[in-house]
Amino acid sequence: MEFSRYVYIVVLAVFVVSGRKFLDAWRSEAPSGRMRRFAFGALCLACFLIVAFFEVRL
């Protein structure tokens, strides 16, 4: 497999894990919940944009 496919698979895995952690933080009422929501939400959004970049062929 190409190196770019490995990167794509890793980014997809990080997207899924960060999305799950974001949802866990969303339900959390701990004082650090807001910061965790921001961090995991930003990571999830970044992975989504990277995956979208891989899907769009210029």
Side-chain angles (χ1 to χ4, degrees):
M1 248 200 281
E2 302 173 13
F3 178 72
S4 63
R5 281 289 158 199
Y6 288 121
V7 172
Y8 182 75
I9 291 168
V10 168
V11 169
L12 275 176
V14 171
F15 173 70
V16 169
V17 171
S18 65
R20 178 68 184 153
K21 291 289 188 177
F22 173 75
L23 290 176
D24 288 342
W26 189 264
R27 290 188 293 254
S28 174
E29 295 189 20
S32 64
R34 184 174 184 183
M35 187 60 182
R36 288 179 58 214
R37 279 192 295 268
F38 177 74
F40 288 121
L43 182 62
C44 190
L45 180 63
C47 289
F48 177 79
L49 293 175
I50 291 169
V51 168
F53 176 76
F54 270 101
E55 288 296 322
V56 174
R57 301 289 179 195
L58 298 177

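In what follows, every heavy atom counts, from backbone to side chain, and hydrogens, waters and symmetry copies are set aside.
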*Between V14, I9, V7, which is the residue that forms a side-chain contact (heavy atoms from CB on, under 4.5 Å) with V11?*
V7

*For Y8, enumerate each residue passing the ring pair (Phe, Tyr, Trp, His ring centres under 6.0 Å) test, keeping only those at least two apart in sequence or located in another chain.*
F54

Please tabulate, for the side chains in residues 31-49, all donor-acceptor contacts under 3.5 angstrom to protein atoms that are two or more places apart in sequence or on a different chain.
from	atom 1	to	atom 2	distance (Å)
R37	NH1	A25	O	3.3

*Would you please name every residue forming a ring pair (Phe, Tyr, Trp, His ring centres under 6.0 Å) with F22, sequence neighbours left out?*
W26

*Same hydrophobic cluster for V17 and Y6, using side-chain heavy-atom links shorter than 4.5 Å among ILVMFWY?*
no

